[in-house]
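What follows is a short report on a single structure.
Side-chain atoms are counted along with the backbone in the values below, which use heavy atoms only and exclude waters and symmetry mates. Residue numbering restarts at 1 for every chain, and letters A, B, ... go by the order of the sequence lines.
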There are 2 protein chains.
Amino acid sequence: MHSAGYLANHFARLMAVGLQRRLKPLGLAPAQFMVLLELWDRDGQTQAELVVGLDVEQATMANTLSRMERDELVTRNPSDEDKRVKIIRLTERAKKLRVPAQKAAYDQNMHALSDLDENEQFQLVQLMQRAVSTLKRR
Amino acid sequence: MHSAGYLANHFARLMAVGLQRRLKPLGLAPAQFMVLLELWDRDGQTQAELVVGLDVEQATMANTLSRMERDELVTRNPSDEDKRVKIIRLTERAKKLRVPAQKAAYDQNMHALSDLDENEQFQLVQLMQRAVSTLKRR
DNA sequence: GCATTTTACATAGCATGCTATTCAATAGGA
DNA sequence: TCCTATTGAATAGCATGCTATGTAAAATGC
């Protein structure tokens, strides 16, 4: 009845809605937040690097970045060495969102796991990570 | 870096792509399969019942059912007692897909969990279920 | 050097999922 | 009864994600 696949989908949807609610006051959407996490860690990455970092398809990243450019979260400028490459940089607005946005995500995660003890939280993360690894090879 | 929320999303995406590949030869999409699971168990449910069973928004279910009607998987007929209600019924085509589609889903789940032992598989499902429960109350 | 292949990104088209709104039918209360 | 509230479903509009394809720039092979 409640297979791993169904539960993964259900869990992910509930987490996305929860995070969306918390990020909305900041004018930020969940997928945008994931990109910002990458860029807060290292600004000025290329689109291809973000694709690897977040493991989404190139087309998905291109579209997300378009919306982020529209929302003045990032700029996209061609690299000098290679005109095919676009360098993605944080705007001032995006830099200011770091602390509140990370708090929103932290709160959502804490809420989701609030019925699990420390060890169970660790187990859940570990087990999901191992399933993801299995699915990624191939 | 790899929070529960990120992992849930990643896990769910990988499972959806895997299931999609396996269901494609049957002419079936993942969300359609979930609806069929409900109807194979009990045919002739209303849209509202399917919404409760799968815990998606009413609008999401309406759109999924439109695509399923288009693909000749279900019929939608108004109830006699209450003309607002639509009764959703399986077509012959959908009835025939039951065994191969459930095998596809079973195979995908087995693959995803193939690196975990019996106890770990059980733990993962239990822990996801508990997180889902927490997120649903409220 | 030039043709071919590869790479980086963009675009088209679609499925799934959400929120918000609308519409029609039914139920409930005065 | 009639007016209002509620209910069941459809629709609009959008974000996220996918596959498939197009385009331009760079790299490679002869």
Does any residue of [range] have a heavy atom under 4.0 Å from DNA chain C, and if so, which ones, in number order?
range                      : answer
residues 64-77 of chain B  : B:Arg67, B:Arg70
residues 89-110 of chain A : none
residues 79-87 of chain A  : A:Arg84, A:Val85, A:Lys86

Taking the side chain of [X] as its heavy atoms from C-beta onward, which of [options] lies nearest to it?
X       : options                : result
A:Ala48 : C:dT11, D:dA9, C:dC9   : C:dC9
A:Asn9  : C:dG17, C:dC18, D:dT16 : C:dG17
A:Ala29 : C:dT16, D:dC18, D:dA15 : D:dA15
A:Ala59 : D:dT19, C:dA10, D:dT11 : D:dT19

Nearest-Å distance for atom pair [atom1]/[atom2], residues [X] and [N]:
X       : N      : atom1 : atom2 : value
A:Glu57 : C:dA10 : CD    : C1'   : 15 Å
A:Asn63 : C:dA15 : CG    : P     : 16 Å
B:Phe33 : C:dT16 : CZ    : P     : 13 Å
A:Leu28 : D:dA15 : CG    : C1'   : 13 Å
A:Leu19 : C:dG17 : CG    : P     : 18 Å
A:Leu54 : D:dT16 : CG    : P     : 12 Å
A:Arg21 : C:dG17 : CZ    : C1'   : 13 Å
B:Leu23 : C:dA15 : CG    : C1'   : 13 Å

Problem set entry | Residue pair B:Arg67 / B:Asn63, side-chain donor-acceptor N/O under 3.5 Å | no
For this session: Kindly indicate whether the side chain of A:Thr64, heavy atoms from C-beta on, has any atom under 4.5 Å from the side chain of A:Leu50.
Result: no
Exercise. Taking the side chain as C-beta and beyond, is there a heavy-atom pair between A:Leu135 and B:His111 under 4.5 Å?
Worked result: yes
Problem set entry | Polar pair under 3.5 Å, donor/acceptor by atom type, side chain B:Gln32, base C:dA15 | no
Problem set entry | Base C:dA10 to side chain A:Gln58, donor-acceptor N/O within 3.5 Å cut-off | yes
For this session: Report the residue (A:Ala62 or B:Val56) whose heavy-atom-nearest nucleotide on DNA chain C is the more 5′ of the two.
Result: A:Ala62
Seminar exercise, completed: Closest to the 5' end of DNA chain D, once B:Val17 and A:Gln20 are matched to their nearest nucleotides, is A:Gln20
Under 3.5 Å, side chain of [X] to main-chain N/O of [Y], donor-acceptor pair present?
X        : Y        : result
B:Gln121 : B:Leu113 : yes
A:Gln45  : A:Arg42  : yes
A:Glu120 : A:Asp117 : yes
A:Arg98  : A:Trp40  : yes
B:Arg93  : B:Asp71  : yes
A:Glu49  : A:Thr46  : yes

For this session: Run through A:Arg76, A:Gln32, A:Arg70 and flag the one making a side chain to side chain contact (heavy atoms under 4.5 Å, CB included) with A:Leu65.
Result: A:Arg76
For this session: Check whether any side-chain nitrogen or oxygen of A:Thr60 sits under 4.0 Å from OP1 or OP2 of D:dT16, and answer yes or no.
Result: no
Exercise. Which atom pair, heavy atoms only, marks the closest approach of A:Gly53 to B:Tyr6?
Worked result: O-OH, 4.1 Å
Problem set entry | Pair A:Lys103 + A:Asp107: basic N to acidic O under 4.0 Å | yes
